Amino acid sequence: MDERKKAAENAAAHFDFEGTMREIAPFGNGHINETWLACFEIGLMGPLYVILQKINTAVFREPERLMANIEGVTGWLRKKIIGEGGDPERETLTLIPAKDGKSFYRDDAGQYWRAYRFITDATCYDKAESAEDFRQSAVAFGQFQRRLADYPADSLYESIPGFHDTAARLEVFRKAVSEDVCGRKAEAEKEIDFVLAHADLAGCYRRAAAASPLPLRVTHNDTKLNNVMIDNKTHRGICVIDLDTVMPGLVMNDFGDSIRFGASTALEDEQDLSRVSCSLDLFTAYTEGFIQECASRLTNAEISLLADGALVMTYECGMRFLTDFLQGDTYFRTACPEHNLVRARNQFKLVSDMEEKLPRMRQIVARAAESAEPAKSAEMPETAGPQKRISQA
Ligand code: ADP
Ligand code: GN1
Ligand code: MG
């Protein structure tokens with residue numbers, strides 16, 4: 001920890017802050033980047049907080065292009081928010097430049113760092129405290145989707161190619177099982193069988209796209225509840241964070257990943273599986289919030305697949321945890337050797353529960369869409385780049 005802290009302190013000194021750094025400490029519950037909260041004191045102004053992140057370059061291979069994405073997207077959102085009369089300092093991330101004017105600092109060890117203004121009086125929750133808070137997170141992600149609908153998607157670098165290509169991830173999983181590099185396969189027999197028995201989920205969108213094309217849009221791709229900040233006073237979802245995976249993608253995945261994480265009755269690594277299920281109350285709250293905010297821009301084919309998206313994302317995430325377990329925990333941050341296996345079991349319990357509830361989930365979506373704005377355009381976005389429609393899943 002000391003070495004890591006020293007590296008963070010050194011990085012902090014290379015950003016364009018005023019004042020004296022009083023404290024720096026690890027922050028948040030993200031699985032990928034290393035996040036620090038730094039406190040500066042500026043004369044008589046009192047403390048100023050800053051988020052400092054070391055970008056995980058094993059996951060994000062081209063951090064400079066990644067940062068160009070984030071500069072582009074946050075700049076775009078800023079203009080939209082100002083145009084809508086909002087507060088850009090609280091409603092989108094604000095990058096603090098490095099002393100050389102770049103949006104990142106590369107240290108002598110070749111590690112990449114970035115800094116954001118800390119958004120005060122707001123919280124990222126690992127679990128929804130109420131259905132209303134969860135609805136608010138849906139409004140925030142729906143707004144995010146709407147504000148980026150006309151973003152020049154061609155300019156976005158694909159920070160993780162094939163990020164939600166579930167079929168490709170299934171192939172990687174099969175390889176991990178056959179190679180069994182850590183000798184962990186025997187411990188995970190039941191879970192491996194689960195993935196293989198549900199392989200048809202990986203082709204869900206490809207089958208649907210054969211009947212009606214599915215547009216690629218600018219999506220967030222990591223829409224966990226703890227990637228949205230909820231205002232402590234108003235309880236409104238104010239700011240979508242963690243923009244590393246903003247890329248062209250499918251709206252069902254953004255919807256589905258939120259449900260996977262936030263509509264579960266337990267945390268993602270709860271070991272007592274009797275506590276893990278998909279709450280239909282939470283599902284309804286999220287669906288209503290999301291549909292109210294952005295469904296008028298979605299096609300009927302997309303809307304009819306939103307509930308399925310929850311199953312696909314939960315299956316894919318469980319498979320990714322299990323793949324990482326088999327490969328020796330090289331991707332997700334883990335707190336113990338079983339962590340990824342526990343997470344995978346948890347996700348598969350959720351998949352089984354969602355399978356049972358899928359007809360009701362589809363009904364809830366259909367009902368929310370009926371009572372939302374009637375004008376549902378079947379238009380494909382013109383901004384989604386050369387591959388405007390999904391032909392593979
Ligand atoms: P990861 O990719 O590891 O999930 P995130 O970008 O989501 O990293 O950041 C991790 C945590 O740090 C978030 O869940 C949130 O609690 C906190 N955080 C990140 N950016 C900010 C910010 N600008 N203001 C306040 N908190 C933040
Ligand atoms: C990671 O970065 P974080 O913690 O918000 C992961 C997501 C997974 C999630 C599972 C870039 O999200 O894809 O769904 O963990 N992010 C990346 O909790 O792989
Ligand atoms: Mg995060």
Side-chain angles (χ1 to χ4, degrees), residues 25-39 48-61 63 66-67 69-70 74 77 88-96 113-127 137 141 158-166 169 219-232 238-247 249 253-254 256-262 264 267-270 310 312-324 329-335 339-340 342-344 346-347 350:
F27 193 74
N29 288 332
H31 293 340
I32 303 296
N33 294 310
E34 191 180 295
T35 303
W36 297 81
L37 177 63
C39 176
L48 173 85
Y49 292 94
V50 165
I51 285 283
L52 186 72
Q53 280 185 325
K54 184 168 97 178
I55 301 172
N56 182 333
T57 47
V59 169
F60 301 108
R61 299 304 177 110
L66 170 74
M67 289 312 296
N69 276 2
I70 294 183
T74 52
L77 289 173
E89 311 267 283
R90 278 178 78 63
E91 295 178 37
T92 186
L93 288 171
T94 307
L95 281 164
I96 299 171
W113 298 81
R114 67 182 166 218
Y116 290 119
R117 288 178 72 112
F118 181 76
I119 297 169
T120 51
D121 303 315
T123 307
C124 290
Y125 292 97
D126 285 316
K127 203 160 175 324
S137 77
F141 281 122
E158 206 179 352
S159 57
I160 304 181
F163 189 53
H164 285 317
D165 184 342
T166 314
R169 290 202 178 268
T219 47
H220 182 281
N221 296 302
D222 189 2
T223 49
K224 291 182 358 181
L225 180 62
N226 67 13
N227 284 332
V228 61
M229 306 212 59
I230 309 275
D231 188 288
N232 293 343
I238 48 163
C239 180
V240 169
I241 62 166
D242 204 346
L243 305 178
D244 295 319
T245 50
V246 175
M247 294 180 272
N253 288 338
D254 270 9
D257 200 39
S258 288
I259 298 301
R260 171 192 80 72
F261 189 86
S264 174
L267 292 176
E268 196 181 57
D269 56 1
E270 170 62 58
V312 173
M313 279 297 96
T314 311
Y315 170 70
E316 182 191 277
C317 193
M319 176 165 67
R320 291 173 62 198
F321 287 141
L322 191 55
T323 304
D324 200 31
D329 307 322
T330 59
Y331 187 93
F332 295 104
R333 183 171 301 127
T334 50
H339 208 159
N340 274 318
V342 165
R343 287 169 174 152
N346 173 307
Q347 298 295 288
L350 204 50

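In listed order, ligands and their atoms are each counted from 1. Here, residue 1 is the first one in the sequence, and each next residue gets the next number. Heavy-atom basis, side chains included; hydrogens, waters and symmetry copies ignored. Treat the numbers as computed from the prediction; the structure is a model and nothing was measured.
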Please tabulate protein-ligand N/O pairs under 3.5 Å for ligand 1, atom names and distances to 0.1 Å.
| from | atom 1 | to | atom 2 | distance (Å) |
| --- | --- | --- | --- | --- |
| ligand 1 | 2 (O) | Asn33 | ND2 | 3.1 |
| ligand 1 | 2 (O) | Asp242 | OD1 | 3.2 |
| ligand 1 | 2 (O) | Asp242 | OD2 | 3.0 |
| ligand 1 | 3 (O) | Ile32 | N | 3.4 |
| ligand 1 | 3 (O) | Asn33 | N | 3.0 |
| ligand 1 | 4 (O) | Asp242 | OD2 | 2.9 |
| ligand 1 | 6 (O) | Gln53 | NE2 | 2.9 |
| ligand 1 | 7 (O) | Asn227 | OD1 | 3.0 |
| ligand 1 | 7 (O) | Asp242 | OD2 | 3.0 |
| ligand 1 | 8 (O) | Gln53 | NE2 | 3.3 |
| ligand 1 | 9 (O) | Gln53 | NE2 | 3.2 |
| ligand 1 | 14 (O) | Asn226 | O | 3.1 |
| ligand 1 | 23 (N) | Arg117 | O | 3.1 |
| ligand 1 | 24 (N) | Ile119 | N | 2.9 |

For Phe321, the ligand 2 atoms whose distance to one of its heavy atoms is below 4.0 Å: 10 (C)

Which of the ligand 2 atoms, numbered from 1, are nearer than 4.0 Å to a heavy atom of Phe60: 11 (C)

Atom pair CG (Asp324) and CZ (Phe332), whose distance is rounded to the nearest 0.5 Å: 6.0 Å

Nearest-neighbour protein heavy atom for atom 8 (C) of ligand 2, which is reported as residue plus atom name and distance: Arg320 NH1, 3.8 Å

Lys/Arg N to Asp/Glu carboxylate O, Asp242 vs Lys224, below 4.0 Å: no

Nearest atoms (heavy-atom pairs only) where Phe163 meets Glu316: O-OE2, 3.7 Å

Candidate list Val246, Asp244, Leu93, test side chain to side chain contact (heavy atoms under 4.5 Å, CB included), partner Ile70, passing option: Asp244

Element-labelled atoms of ligand 2 that are located less than 4.0 Å from some non-hydrogen atom of Gly30: 4 (O)

Aromatic plane relationship, Phe321 with His31 - under 30° parallel, 30 to 60° tilted, over 60° perpendicular: perpendicular

Contact summary for Asn227 and Phe141, nearest pair of heavy atoms: O-CZ, 4.1 Å

Spatial distance of atom CG (Leu95) from atom OH (Tyr116) [nearest 0.5 Å]: 5.0 Å

Any N or O of Asn226 closer than 3.5 Å to N or O of ligand 2: no

Verdict with reasoning, Leu225 to Lys127, per side-chain contact (heavy atoms from CB on, under 4.5 Å): CA-CA 7 Å; Leu225 180 62; Lys127 203 160 175 324; 5.6 Å; no

Check against side-chain contact (heavy atoms from CB on, under 4.5 Å), Arg90 and Thr120: CA-CA 8 Å; Arg90 278 178 78 63; Thr120 51; 3.9 Å; yes

Under 4.0 Å to a heavy atom of Tyr331 - the qualifying atoms of ligand 2, by number: 11 (C), 17 (C), 19 (O)

Protein N/O/S neighbour count - the Mg ion (ligand 3), strictly under 2.8 Å: 2

Side chain to side chain contact (heavy atoms under 4.5 Å, CB included) partner of Tyr331, the single match among Thr323, Asn340, Ile32: Ile32

Structural part of Arg260 in contact with ligand 2, heavy atom criterion under 4.0 angstrom: side chain

Minimal non-hydrogen separation, Asn226 against Phe261, with atom names: ND2-CZ, 3.9 Å

Proximal ligand 2 atoms for Asn227, defined as those under 4.0 Å from one of its heavy atoms: 5 (O)

Any N or O of Asp222 closer than 3.5 Å to N or O of ligand 2: yes

Arg333 side chain to Asn33 backbone, donor-acceptor under 3.5 Å: yes

Nearest atoms (heavy-atom pairs only) where His339 meets Ala335: ND1-N, 2.9 Å

Nearest-contact summary for atom 10 (C) of ligand 2 - protein heavy atom, Å: Glu268 OE2, 3.2 Å

Closest protein heavy atom (residue, atom, distance) for atom 4 (O) of ligand 2: His31 N, 2.8 Å

Heavy-atom pair of closest approach, residues Gln347 and Cys317: OE1-CB, 4.0 Å

Nearest heavy-atom neighbours spanning Asn346 and Asp269: ND2-N, 3.8 Å

Geometric N/O contact Asn29 with ligand 2, under 3.5 angstrom: no

Region of Phe163 engaging ligand 2 - heavy atom pairs below 4.0 Å: side chain

Contact check: Asn221 vs ligand 2, nitrogen or oxygen atoms, below 3.5 angstrom: no

Intermediate values then yes/no, side-chain contact (heavy atoms from CB on, under 4.5 Å), His220 and Val228: CA-CA 11 Å; His220 182 281; Val228 61; over 6 Å; no

Ligand 2 atoms in contact with Ile32 (distance to a heavy atom under 4.0 Å): 1 (C), 2 (O), 11 (C), 16 (N), 17 (C), 19 (O)

Gln53/Thr35 under side chain to side chain donor-acceptor pair (under 3.5 Å): CA gap, chis, key distance, verdict: CA-CA 5 Å; Gln53 280 185 325; Thr35 303; 3.0 Å; yes

Interfacing atoms of ligand 2 (cut-off 4.0 Å, heavy-atom, Asp242): 2 (O), 3 (P), 5 (O)

